Chemist: 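One structure, pasted below without further comment.
In this text, all values refer to a predicted model and were calculated from it rather than measured experimentally. All values below were derived from every heavy atom in this structure, side-chain atoms included, with hydrogens, water molecules and symmetry-related copies excluded.
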Amino acid sequence: MALEIERRFLVRKDVRHLCRNGVRMVQGYLPSDGVSTVRVRIAEDRATLTIKSLKRGACRDEVEHPLDLDFARQLLLHGCEGRVIEKTRYRHCQDDLCWEIDVFDGENSGLVIAEVELKTPDQTVPLPDWIGAEVTTLRAYGNSALSRAPIRRWSAAAA
């Protein structure tokens, strides 16, 4: 099992000029016990099943296995009970870090989140000027939470 150390941020400026050669992703979340998250992801012609533990700050355990593409499609359709998100991921390297910029579609359209994987939890991260508020520990901005409560429903719930 690998340790994932990741910080996530809202993107506060237009970053289309950084977004080249994106990878389209559809990912769904299987029902879980609340202790771990089980994700099915299809990215182009590749499918994976990922299990992640609860976050401890910016850290959590993660294990990933390849899946047969047709089986992954069936899991998304029948196993994820509508808990699906769509996004395009772009990679942008800056200051010796590789940022993953996720541009969401569907019910989360308009949301752009940048994440960066780190080697240690205390690694210094020089923030580009297009980075906004950090959402690493805000559960509502996690992909699993966004699959259950997309941002399009946030304003309706507040009204």
Side-chain angles (χ1 to χ4, degrees), residues 1-11 15 18-94 97-123 125 131 133-154:
M1 190 170 290
L3 179 66
E4 175 187 64
I5 306 169
E6 173 184 271
R7 289 180 63 190
R8 296 168 52 90
F9 300 85
L10 296 177
V11 172
V15 290
L18 304 176
C19 297
R20 303 277 186 262
N21 302 317
V23 175
R24 182 94 176 111
M25 296 180 177
V26 176
Q27 56 193 52
Y29 294 86
L30 296 168
S32 73
D33 56 9
V35 175
S36 59
T37 302
V38 182
R39 176 187 74 205
V40 176
R41 174 187 281 167
I42 297 176
E44 295 179 335
D45 62 349
R46 185 173 166 251
T48 55
L49 178 76
T50 305
I51 303 168
K52 296 185 179 195
S53 69
L54 285 177
K55 276 189 173 182
R56 298 172 309 280
C59 304
R60 65 179 160 186
D61 295 318
E62 174 184 85
V63 62
E64 188 170 90
H65 294 284
L67 285 180
D68 173 78
L69 192 56
D70 289 330
F71 181 63
R73 287 186 183 114
Q74 291 301 311
L75 281 174
L76 285 170
L77 187 62
H78 301 292
C80 294
E81 300 174 5
R83 292 184 301 268
V84 176
I85 62 170
E86 300 172 50
K87 62 186 180 180
T88 302
R89 174 167 286 171
Y90 302 92
R91 296 192 193 288
H92 172 71
C93 296
Q94 184 173 333
L97 294 171
C98 188
W99 291 88
E100 293 178 336
I101 302 169
D102 289 341
V103 178
F104 289 81
D105 294 318
E107 290 290 301
N108 289 298
S109 185
L111 179 62
V112 182
I113 293 179
E115 57 187 50
V116 62
E117 291 205 20
L118 307 174
K119 294 179 180 144
T120 64
D122 59 349
Q123 181 178 342
V125 179
I131 289 292
E134 184 165 5
V135 295
T136 301
T137 59
L138 299 179
R139 294 185 89 172
Y141 286 98
N143 288 320
S144 175
L146 290 167
S147 75
R148 292 186 310 275
I151 63 166
R152 291 254 170 107
R153 295 186 203 156
W154 291 7

Chemist: Distance from Met25 atom CE to Glu44 atom CD, nearest 0.5 Å?
Modeler: 8.5 Å
Chemist: Can you measure from NE2 (His65) to CD1 (Ile51) and round to the nearest 0.5 angstrom?
Modeler: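 Separation between the atoms: 6.0 Å.
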Chemist: Taking the side chain as everything from C-beta on, heavy atoms only, tell me whether Thr50 gets closer than 4.5 Å to Glu62.
Modeler: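 Answer yes - side chains close enough.
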Chemist: Aromatic contact between Trp99 and Tyr90, with the criterion being ring centroids under 6.0 Å apart: yes or no?
Modeler: no
Chemist: Check whether any side-chain heavy atom of His92 sits under 4.5 Å from a side-chain heavy atom of Arg20, and report yes or no.
Modeler: no
Chemist: Between Val84 and Ser147, does a side chain to side chain contact (heavy atoms under 4.5 Å, CB included) hold up when you go through it step by step?
Modeler: CA-CA 5 Å; Val84 176; Ser147 75; 5.9 Å; no
Chemist: Under 3.5 Å, side chain of Arg46 to main-chain N/O of Ile42, donor-acceptor pair present?
Modeler: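 Here the side-chain-to-backbone pair does not exist.
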Chemist: Is any side-chain heavy atom of Ile113 less than 4.5 Å from a side-chain heavy atom of Val11?
Modeler: no
Chemist: Report, as yes or no, whether the 6.0 Å neighbourhood of atom CZ on Arg139 holds more than 12 heavy atoms from other residues, nucleotides or ligands.
Modeler: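 Open.
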Chemist: Let me see the working for Glu107 and Arg153 under side chain to side chain contact (heavy atoms under 4.5 Å, CB included), right down to the final yes or no.
Modeler: CA-CA 8 Å; Glu107 290 290 301; Arg153 295 186 203 156; 4.3 Å; yes
Chemist: Looking at Asn108 and Ile151, would you say the former's side chain and the latter's main chain have a donor-acceptor pair under 3.5 Å?
Modeler: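 Here the side-chain-to-backbone pair exists.
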Chemist: List the residues meeting side chain to side chain donor-acceptor pair (under 3.5 Å) with Glu81, not counting sequence neighbours, and say none if there are none.
Modeler: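 So Glu81 forms a side chain to side chain donor-acceptor pair (under 3.5 Å) with Arg83.
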Chemist: Do the side chains of Arg24 and Glu86 get nearer than 4.5 Å, heavy atoms only?
Modeler: yes
Chemist: Test your reading of the model: is there a side-chain donor-acceptor pair from Asp68 to the backbone of Phe71, 3.5 Å cut-off?
Modeler: yes
Chemist: Could you check whether any side-chain N or O of Asp33 sits under 3.5 Å from a backbone N or O of Ser36, counting only pairs where one atom can act as donor and the other as acceptor?
Modeler: yes
Chemist: CZ of Arg56: more than 12 outside heavy atoms within 6.0 angstrom?
Modeler: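 Buried by this count: over 12 neighbours within 6.0 Å.
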Chemist: Name the one of Lys52, Lys119, Lys55 that satisfies salt bridge (charged side-chain N to carboxylate O under 4.0 Å, His left out) with Glu4?
Modeler: Lys52
Chemist: Report the distance from atom CG of Leu76 to atom CZ of Arg41, rounding to the nearest 0.5 Å.
Modeler: 11.5 Å
Chemist: Please give me the minimum heavy-atom distance between Cys98 and Cys93, naming the atom from each residue.
Modeler: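 Nearest pair, atom of Cys98 first, then Cys93: SG-SG, 3.4 Å.
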Chemist: Could you give the distance from OG1 (Thr48) to CG (Leu67), rounded to the nearest 0.5 Å?
Modeler: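 It comes to 6.5 Å.
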Chemist: Consider salt bridge (charged side-chain N to carboxylate O under 4.0 Å, His left out). Of Arg91, Arg89, Arg7, which one does Glu115 pass it with?
Modeler: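 The single option meeting the salt bridge (charged side-chain N to carboxylate O under 4.0 Å, His left out) with Glu115 is Arg89.
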Chemist: At their closest point, which heavy atom of Ile5 faces which heavy atom of Cys59, and how far apart are they?
Modeler: CG1-SG, 3.9 Å
Chemist: If you define the side chain from C-beta out and look only at heavy atoms, does anything of Thr88 sit under 4.5 Å from Ile101?
Modeler: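 No, every pair of side-chain atoms sits at 4.5 Å or beyond.
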Chemist: Could you list the residues that satisfy ring pair (Phe, Tyr, Trp, His ring centres under 6.0 Å) with Tyr29, not counting sequence neighbours?
Modeler: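 Ring pair (Phe, Tyr, Trp, His ring centres under 6.0 Å) list for Tyr29, sorted by chain: empty.
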Chemist: Apply ring pair (Phe, Tyr, Trp, His ring centres under 6.0 Å) to Tyr141 and list each qualifying residue two or more places apart in sequence or on a separate chain.
Modeler: Trp154
Chemist: For the atom pair SG (Cys80) and CD (Gln74), what is the distance rounded to the nearest 0.5 Å?
Modeler: 11.5 Å
Chemist: Do Glu100 and Val23 make a side-chain contact, defined as non-hydrogen atoms from C-beta onward lying under 4.5 Å apart?
Modeler: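 They are not in side-chain contact.
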Chemist: Once rounded to the nearest 0.5 Å, what's the spacing between atom CG of Leu3 and atom OG of Ser53?
Modeler: 8.0 Å
Chemist: Quick one: does Leu10's side chain get under 4.5 Å of Val112's, heavy atoms only?
Modeler: no
Chemist: Please report the closest heavy-atom contact between Pro31 and Gly79, naming both atoms and the distance.
Modeler: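 Nearest pair, atom of Pro31 first, then Gly79: CD-O, 3.3 Å.
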Chemist: Just so I know, are the side chains of Glu64 and Leu49 near enough to count as touching, which here means a heavy-atom distance under 4.5 Å?
Modeler: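 Answer no - side chains too far apart.
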